[in-house]
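Only this structure's heavy atoms are used, side chains among them; waters, hydrogens and symmetry mates stay out. In what follows, chains are A, B, ... by sequence order, proteins preceding strands, each numbered from 1.
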Amino acid sequence: MTTIAKRDFRKVSDYLWEIPTSFRSEMRVPVWVYADDELLEDALGDASIQQAINVACLPGLIGKVVVMPDVHQGYGMPIGGVMAAPLPHGIISPGAVGYDINCGVRLLSTSIEFGEAEPYLSDLATSLYRNCPSGVGEKGSIRVSPDEFDQLCREGAEWALKRGYAQAEDLPRTEESGRIDGADPTKVSRRAKDRGRPQVGTLGAGNHFIEVDIVDAVFHPEAAETMGLKEGHLAVQIHCGSRGFGHQVCTDYVADFQSAVKKYNITLPDRELVCAPLDSPEGKDYLGAMKAAANYAFANRQVLVHHIRRSFDETLAGKVKDHDVRQVYDIAHNMGKIEEHDIDGGRVAVCVHRKGATRAFGPGFEGLPPEYRAFGQPVLVPGSMGTASWVLLGTEGSMAQSFGSTCHGAGRVMSRTKAKKEIRGEKLKSDLERDGIKVRAGSLAGLAEEAPQAYKDVDRVVEVVSRAGIARKVARLRPIAVIKG
DNA sequence: ATGTTC
């Protein structure tokens, strides 16, 4: 295996670096890395660039492989990577979508000023922790029968609306309106369904969280106002995905695809990048199962919104002027999506794999609710625990450069194992509380894994995508309460 | 990320 160094890149700009196909004979498309000098050094500190080069060696891709500034190594493809496979014969790869299918972020706005809510924030944090079950393997309070579960897989957030866990206005402010067509629960294993059914409306563990924030700074007043984001007001973020359900779907298809690789004579640079042609029976089956898991994640985040609204009712009704919680937007950052893009001079239908990358469609995109259409798609970028988060917009630049994609978070610089060894959860918790952030966490070891020191600086990541033109700043959020497994 | 080495 070749070691990669800075000299192997062609510097395109201060924020974009290219590894041309001439770097390695097996490369079929170039790799584009969005980073400044420091973030490029970080990226070279683990296997993520090597993994992106492996991806660029896959058959059935088009254009380039894109790497975001928050990149870190993952299963086969780095987290913070984007690849596009042309229809009908290009490939689909479960590892290039990720184990947490449709992991994503939802942002809620309120008209509650920090000052008026301050006396009740401790109660609110405790109530959120109680109402939103968290932790590995944790089950939820919602009962779903097997038949109803198939319906949930087909309908996503629409299922949640029918069951009374949504307000109608929430749905259009969700990517794909919270329901992806073509989900096929018959392509999902019994085991995945058994794991997923009791977990609807749960938060999970790892880097998943619910966070109460203050809108700290506004950079695009008109867009922020339309989103209901006002400086000094509270907002709420949810970061979670498809729990054991999506994980099992990915596990099942990674195993299944081992034989597909042989059957279709695909040469792999890394076993973890198993894939199948999009138009093969295997590829179509995974697509149907992946969409079911995506709808599960939309439903899951929607039920969490319902639980969050209950907590606001319980702790703030009658105590603040208006305790309504409204949806700003919901994005997916682990997904394969069928889209059309301008690539190599033509309009091409592709399956865009975004793994730890966010769709960032620009102004005029018709899939956006009318009030957002002129601005572009809201992009939600959570920082690491205790640090800022960002609301951005997709741009014409992201459409032209990065298959309509941008970054998804801060990005790890320290492995979970190392963080657990080096950081004491108890001290971290008291540091956060001292800084005015309420912490409700099930596990101190889990807290340590998510310490800010284990992550890159999200402000720097956002600066790169903003200066490179693949996103535009709307607002910065600052945490005041964190709920974790 | 994950019934955290099914």
Whole angstrom value for the distance that separates [atom2] of [N] from [atom1] of [X]:
| X | N | atom1 | atom2 | value |
| --- | --- | --- | --- | --- |
| His247(A) | dT5(B) | NE2 | C1' | 12 Å |
| Leu447(A) | dT4(B) | CG | P | 21 Å |
| Tyr99(A) | dT4(B) | OH | C1' | 13 Å |
| Glu449(A) | dT2(B) | CD | P | 11 Å |
| Asn334(A) | dT2(B) | CG | C1' | 13 Å |
| Asp194(A) | dC6(B) | CG | C1' | 14 Å |
| His208(A) | dT2(B) | NE2 | C1' | 10 Å |
| Leu203(A) | dT4(B) | CG | C1' | 16 Å |

Checklist line | Atom CZ of Arg190(A) with >12 non-hydrogen neighbours under 6.0 angstrom | finding: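 Counting other residues, nucleotides and ligands, CZ of Arg190(A) stays at 12 neighbours or fewer.
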Check: So does Glu282(A) pair up with Lys263(A), basic N to acidic O under 4.0 Å?
Finding: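 So Glu282(A) pairs with Lys263(A) through a salt bridge.
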Item checked: NZ/NE/NH1/NH2 to OD/OE distance under 4.0 Å, Asp431(A) and Arg434(A) ->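 Yes, this pair counts.
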List the atom pairs, donor and acceptor, that lie under 3.5 Å between side-chain atoms in residues 403-415 of chain A and the rest of the protein, sequence neighbours left out.
{"unit_1": "Ser405(A)", "atom_1": "OG", "unit_2": "Arg354(A)", "atom_2": "NE", "d": "2.8"}
{"unit_1": "Ser405(A)", "atom_1": "OG", "unit_2": "Ser402(A)", "atom_2": "O", "d": "2.8"}
{"unit_1": "Ser405(A)", "atom_1": "OG", "unit_2": "Phe403(A)", "atom_2": "O", "d": "3.1"}
{"unit_1": "Thr406(A)", "atom_1": "OG1", "unit_2": "Ile470(A)", "atom_2": "O", "d": "3.3"}
{"unit_1": "His408(A)", "atom_1": "ND1", "unit_2": "Asp70(A)", "atom_2": "OD2", "d": "2.6"}
{"unit_1": "His408(A)", "atom_1": "ND1", "unit_2": "Gly356(A)", "atom_2": "O", "d": "3.0"}
{"unit_1": "Arg412(A)", "atom_1": "NH1", "unit_2": "Met414(A)", "atom_2": "O", "d": "2.8"}
{"unit_1": "Arg412(A)", "atom_1": "NH1", "unit_2": "Glu449(A)", "atom_2": "O", "d": "3.3"}
{"unit_1": "Arg412(A)", "atom_1": "NH2", "unit_2": "Glu449(A)", "atom_2": "O", "d": "2.6"}
{"unit_1": "Arg412(A)", "atom_1": "NH2", "unit_2": "Glu450(A)", "atom_2": "OE2", "d": "3.0"}
{"unit_1": "Ser415(A)", "atom_1": "OG", "unit_2": "Lys418(A)", "atom_2": "N", "d": "3.1"}

Margin query: So that I know where these two stand, are Phe149(A) and Tyr296(A) an aromatic pair - ring centroids less than 6.0 Å apart?
Written below: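 So the answer is yes for these two rings.
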Notebook entry, point to check: Which pairs, with at least one residue in residues 283-308 of chain A and sequence neighbours excluded, count as a salt bridge (Lys or Arg N to Asp or Glu O under 4.0 Å)?
Noted result: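 Every pair satisfying salt bridge (Lys or Arg N to Asp or Glu O under 4.0 Å) with a residue in residues 283-308 of chain A: Lys187(A)-Asp285(A), Arg301(A)-Asp330(A).
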Checklist line | Of Glu450(A) and Arg191(A), the one whose closest DNA chain B nucleotide lies more 5' | finding: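 Final value for this comparison: Glu450(A).
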Checklist line | Members of residues 131-144 of chain A that approach DNA chain B, where some heavy atom sits under 4.0 Å away | finding: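 The stretch gives Val136(A), Gly137(A) as the residues lying under 4.0 Å from the strand, ordered by number.
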